[in-house]
Amino acid sequence: MKALGLDWDEGPDIGGPYGPYTQSERFDIYPKYVQELLDKGYAYECFCTPEELEAEKQQAAENKKPYVYTKKCENLTEEEKAKLRSEGRKPAIRFNIAKAQKAFHDSSMLYFDDLVKGQLHMNTDLLGDFVIMKSNGSPTYNFAVVIDDMLMNITHVIRGEDHISNTFKQILIFEALGAEVPKFGHLGMILAPDRSKLSKRHGATAVSEFVEKGYLTEALINFVALLGWSPSDGQEIKSVNEIANDFRINEISSSNSIFEYDKLNWMNSHYIKMLDIEDLKTRLKPYLTKYNLSELTDAQYTRMVEVTKEPLTLLSDITDAVPYFFGTDVDIEAKAQTEVLDTEIAQDVLNEFLKQAESWEFSEENLHEKLEAFRAQYKEKGIKPKVTMWAIRAAVTGRTCGADMTAILAILGKDKTLYRIKKAIK
RNA sequence: GCUCCCAUCGUCUAGAGGCCUAGGACAACACCCUUUCACGGUGUAGACGGGGAUUCGAAUUCCCCUGGGAGUACCA
């Protein structure tokens with residue numbers, strides 16, 4: 001959330017009235033509620049060993065029966081418990097599903113209204129009495145979240161649909177504790193392009209990785225917001241605030257969605273283009289460290305960014321887009337050499353350019369005029385303007401494509417330009 | 001295996017019985033613009049998974065099948 005520039009009202013780092021907010025600092029508040037459940041009869045001690053449990057599961061698998069805990073510790077007598085304890089066994093505490101279900105519902109069916117999926121149901125007989133406190137005294141997830149939500153007055157729980165089955169367990173605990181059950185909303189999962197879980201294999205998975213690669217937080221937020229939701233006005237480009245204002249939880253689609261980079265990339269380049277130039281200059285700096293930025297005046301740097309920002313998909317693309325703005329010499333790409341510089345026309349153009357440009361003033365306005373006239377001369381000889389410019393571009397930038405030539409020449413200045421032209425002449 | 005969730009163009013989605021000859025965005029393709037690349041503009045192609053049922057009428061309701069996803073821990 002920090003990487004995306006999102007903030008929160010209450011929680012770790014900033015505190016709030018219901019702290020502590022760090023799980024490890026809350027350990028001593030859970031036993032009290034475990035005891036309450038024990039006292040009310042909604043929980044019981046279980047002395048089963050991992051081996052015994054494993055055997056039960058195996059048995060169930062052999063009989064092709066779904067596994068649910070057998071509840072064999074549910075009705076242990078005090079003597080039996082004492083005996084087990086004397087053997088050095090430490091009990092875990094299990095939640096008594098059936099007891100809670102029966103106390104608050106007519107049948108073994110548990111229903112709740114999900115904010116995005118509508119009414120959901122589950123036969124709680126199939127759930128199995130789960131552990132709420134491990135034998136080492138630490139609470140399990142399903143129990144701890146309920147206590148935390150209850151104590152922190154949580155009203156809405158919005159999470160992935162992989163939590164649906166936990167919800168039934170959690171609701172029963174809320175009820176057993178006499179607490180108010182919060183509203184739940186379960187979102188579809190975001191899948192990788194091959195429909196599997198998103199993972200390292202599919203590229204970046206942590207928000208910070210996207211940011212490092214040069215995705216703008218604005219684009220990231222906007223794109224993810226559109227996964228499973230669409231704005232009522234059809235306007236897809238939206239700021240966080242606009243999204244927040246327009247957002248309605250019941251407009252969320254309940255199906256899974258696939259994370260494809262195409263639209264994210266498009267959106268990112270869109271946001272890059274929209275960025276204020278000074279802002280963009282600042283954001284681009286981390287990707288230009290391999291160049292000596294002090295070679296350029298601030299005005300030149302501004303101009304360079306202006307003419308190279310168009311095709312950028314990621315901020316990091318700037319690195320490969322601008323090498324020819326720096327240094328005296330330039331690397332010539334193979335394609336530029338063989339397909340352009342090695343041709344007769346190109347050599348002719350370069351010689352002629354060298355002759356004429358000696359007397360030019362290298363301001364952008366002037367260059368624009370001069371180049372136009374220069375192209376016209378060749379056009380008369382039947383050489384396409386495109387070809388004329390190619391020769392100059394290849395010699396000066398070492399490439400066959402790139403930013404606006406007038407701007408490039410103006411930024412480089414007469415000396416570097418003519419130097420590179422000379423070097424390209426055979 | 002069992003349980004639950006989901007199902008419209010390649011992708012994200014609009015669509016809550018007639019407004020749908022199914023709309024938009026990204027990607028693709030074509031053309032235009034152009035000093036290259038790109039931006040931009042204009043177009044083209046592209047989907048209701050299958051089968052039943054209800055109805056005068058179904059992408060929209062119901063059932064079955066199929067497909068995909070998730071859960072099934074003394075993990076969170």
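Heavy atoms only: backbone and side chains are in, while hydrogens, waters and symmetry mates are out. Just so we're on the same page: letters track the sequence lines, and every chain starts at 1.
If you check every strand for non-hydrogen atoms under 4.0 Å, A:Lys197 touches sugar and phosphate atoms only. Nucleic acid contact for A:Arg393: base, since at least one base atom lies under 4.0 Å from a heavy atom of the residue. A:Arg94 comes within 4.0 angstrom of sugar-phosphate atoms only, judged by non-hydrogen atoms across all strands, and of no base. Using a 4.0 Å heavy-atom cutoff across all strands shown, A:Lys65 reaches no nucleic acid atom at all. Contact annotation for A:Ser138: no contact, since no heavy-atom pair falls under 4.0 Å across all strands. The residue A:Asn265 sits apart from the nucleic acid: no heavy atom pair falls under 4.0 Å.
Here the side chain of A:Tyr141 is nearest to one of B:A73, B:A76, B:U11, namely B:A76. Checking B:U36, B:G69, B:C4 against the side-chain heavy atoms of A:His121 singles out B:C4 as nearest. Nearest to the side chain of A:Leu126, among B:A7, B:U3, B:C37, sits B:U3. Among the nucleotides B:C5, B:C74, B:G69, the one closest to any side-chain atom of A:Met189 is B:G69. Distances were taken from every side-chain heavy atom of A:Pro385 (C-beta onward) to each of B:A25, B:C37, B:U35; the shortest belongs to B:U35. Each of B:U36, B:C6, B:A73 was ranked by its minimum atom distance to the side chain of A:Trp390; first place goes to B:U36. With B:A70, B:C5, B:A76 as the candidates, the nucleotide lying closest to the side chain of A:Lys117 is B:C5.
Regarding A:Met122, its CE atom lies at a distance of 9 Å from the P atom of B:U3, rounded to whole Å. If you take CG of A:Leu120 and C1' of B:C5, they are 7 Å apart, rounded to a whole angstrom. In this structure, A:Glu310 atom CD and B:U34 atom C1' are separated by 13 Å, rounded to whole Å. As rounded to whole Å, 18 Å separates atom P of B:U72 from atom CD of A:Glu56. If you take CG of A:Asp262 and P of B:C9, they are 17 Å apart, rounded to a whole angstrom. Rounded to a whole Å, the CG atom of A:Leu110 is 17 Å from the P atom of B:U3. The nearest whole Å value for the distance from the CG atom in A:Leu227 to the C1' atom in B:G69 is 15 Å. Put simply, CD1 on A:Ile252 is 16 Å from C1' on B:C5, counting in whole angstrom units.
Using N1 to N3 plus N6-O4 or O6-N4 for Watson-Crick, or N1-O2 and O6-N3 for G-U wobble, each under 3.5 Å, B:U61 pairs with B:A53. Checking B:A28 for Watson-Crick or G-U wobble geometry (two distances, each under 3.5 Å) identifies B:U44 as its partner. Look at B:U3: its Watson-Crick or wobble partner, with both distances under 3.5 angstrom, is B:A70.
Going from the P atom of B:C64 to that of B:G15 covers 27 Å, rounded to whole Å.
Between the side chain of A:Ser135 and the base of B:C74 there is at least one donor-acceptor pair of N/O atoms closer than 3.5 Å.
Annotated as syn: B:C39, whose glycosidic dihedral is within 90° of 0.
Counting only N and O atoms by type, the side chains of A:Thr167 and A:His186 include a donor and acceptor under 3.5 Å apart. Side-chain N/O atoms of A:His163 and A:Gln170 include no donor and acceptor closer than 3.5 Å.
When atom types are taken as modelled, the side chain of A:Gln101 and the backbone of A:Met109 share a donor-acceptor pair closer than 3.5 angstrom. A donor-acceptor pair under 3.5 Å is absent between the side-chain atoms of A:Asp125 and the main chain of A:Ala98, judged by distance alone. Distance alone, capped at 3.5 Å, places no donor-acceptor pair between the A:Lys90 side chain and the A:Asn136 backbone.
At B:U35, none of the side-chain N or O atoms of A:Lys379 fall inside 4.0 Å of OP1 or OP2 (strictly under the cut-off).
A:Met122 pairs with exactly one of A:Tyr111, A:Phe168, A:Phe112 by the side-chain contact (heavy atoms from CB on, under 4.5 Å) rule, that one being A:Phe168.
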